[in-house]
Amino acid sequence: MKDIEQIKSLEEQYQLKTYAKFPIALERGEGVYVFDTAGKRYLDFYGGHAVATTGHCHPAVVKAITEQASKLIFYSNIVYSTVRAEACEALVSLAPAGLTQVFLCNSGAEANETAIKAARKFSGKPLIISMREGFHGRTYGAMSITGFEKYRIYPPGLPGIEFATFGNAAELEQLFGERGAEIACVILEPVQSMAGIRIAPPAYYRALRELCTKHNAVLIFDEVQTGFGRTGANFFGENVGVTPDIITTAKGIASGVPMGATFFHEKIAAAVKLGEHGATFGGAPLACAAAKATVEVLKSERLAEHAKVAGAKLIDGLQAARLPGLKEIRGLGLLIGLEFETEAKPIIQKLFERGVITGSSEEKHTLRLIPPLVVNENHCQELITALQDVLKE
Ligand SMILES: Cc1ncc(COP(=O)(O)O)c(C=O)c1O
């Protein structure tokens, strides 16, 4: 078996160097824990980047993938597929009323590309409004609507994109007043995650909904992180009583098997015609088996409800622990940001050395907690104890 140094040197030799990595190689996962090649156990409050909704290697998901792999790994959309049909039905069953059709793809960026393309087609208008400090992915279109300059490599990116300030309904109202006839859509992360877990007041989302309806613009929620139970609801809009026209998703949708999905309101779905969009691997049987099993586990284990309760208890526990240097806790369900008085990177590093994986963000003082939705009180206590020890040092 290769040791970490051999693995590291191979990856560094052959994989394009675009990722900063912790110096471990993971071998297996179970629930909220992952294990490295040396056998060390890590408590995963990063959820493999908000992906492991049902926990690592949930037995029902493993069974579904294994059974599907032994039958048919792949065939494209030129034929029908039982598992695809059932996965689409299961996915749509989680979506808000009116969002009755889904396009399956492979990643969050691709789900967003699909959404903006359809919004332009539906509205017949050119302009996309996105939010400063929103993150939507790394493909050219997704990068162009991402509101951090740092990610818009080789600017200016795509034309026809304007940025607004997340949480500022008055600014958007003015923009619609001036250019409403040009605006195809407004796209936003309903909780800005990369920006350090930023949530707007419910009235903001309602104002967005009203403006988009009034000006015949498409409201798109990028729920790549917030979807599938993470915020304590199947999708974020339920928390504030707002239904967007399009929801984009990926990450937790299939418990780690690559998949993205764009959910459409029926009126927008009707504007997309045969042959206007596609993806070879979209709706692949293996991914569909994983997605269908993920939805079943979400429902049978009531994971959205659990995320709501567990997240609130975790926030209470963190507050009660009176962690030194902790300035603010922001979050909803199991999407939580801890803002410290100092930079979060050294805290993340020390937690890692103690066997706890957490995430950073573009807000340098904020550490992100995005664990599998199956975390229990013991896992949360383990995290709090580790934070207490690390912050004492
Ligand atoms: C909100 C949001 N949208 C889109 C993406 C892009 O997803 P992917 O990396 O699957 O393309 C991410 C990834 O982190 C994300 O957090």
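Both counts, for ligands and for their atoms, begin at 1 and track the order of listing. Nothing fancy with the numbering, it's 1 onward along the sequence. Bear in mind the structure is a predicted one, so any value in this text is a computation, not a measurement.
In T248, neither the side chain nor the backbone holds a heavy atom less than 4.0 Å from any atom of ligand 1. At a 4.0 Å heavy-atom cut-off, ligand 1 does not touch R138 at all. The side chain of E189, and not its backbone, has at least one atom closer than 4.0 Å to an atom of ligand 1 (non-hydrogen atoms only; side chain from C-beta on).
Between the side chains of T37 and E27, no donor-acceptor pair is found at a separation under 3.5 Å. Defined by atom type and a distance below 3.5 Å, a donor-acceptor pair is missing between the side-chain atoms of R368 and S361. Y205 and E210 form no side-chain donor-acceptor contact under 3.5 Å, judged by distance and modelled atom types alone. Side-chain atoms of T18 and R138 include no donor-acceptor pair closer than 3.5 Å.
Of the protein's heavy atoms, Q225 NE2, 3.0 Å lies nearest to atom 16 (O) of ligand 1. When hydrogens are left out, the protein atom nearest atom 3 (N) of ligand 1 is D222 OD2, 2.7 Å; that is the closest non-hydrogen contact.
At least one heavy atom of K251 lies less than 4.0 angstrom from ligand 1. Using a non-hydrogen distance threshold of 4.0 Å, H49 registers as a contact of ligand 1.
Across G108, A50, A142, heavy-atom proximity to atom 8 (P) of ligand 1 is greatest for G108. Summarising the contacts of atom 11 (O) of ligand 1 with G137, A109, G227, A250, the nearest heavy atom is found in A109.
For Y33 and H379, the distance between ring centers is under 6.0 angstrom.
With salt bridges taken as basic N to acidic carboxylate O contacts below 4.0 Å, none links E12 and K17. The residues E86 and R84 are annotated as not salt-bridged, no charged nitrogen and carboxylate oxygen being separated by less than 4.0 angstrom.
Separating the CD1 atom in I246 from the CD atom in Q101 is a distance of 12.0 Å, to the nearest 0.5 Å.
Close approach of ligand 1 to F135 (heavy-atom distance below 4.0 Å) involves ligand atoms 1 (C), 2 (C), 3 (N), 5 (C), 12 (C), 13 (C), 14 (O), 15 (C). Shown in contact with S107 at under 4.0 Å from a heavy atom are these atoms of ligand 1, numbered in order with element: 10 (O), 11 (O).
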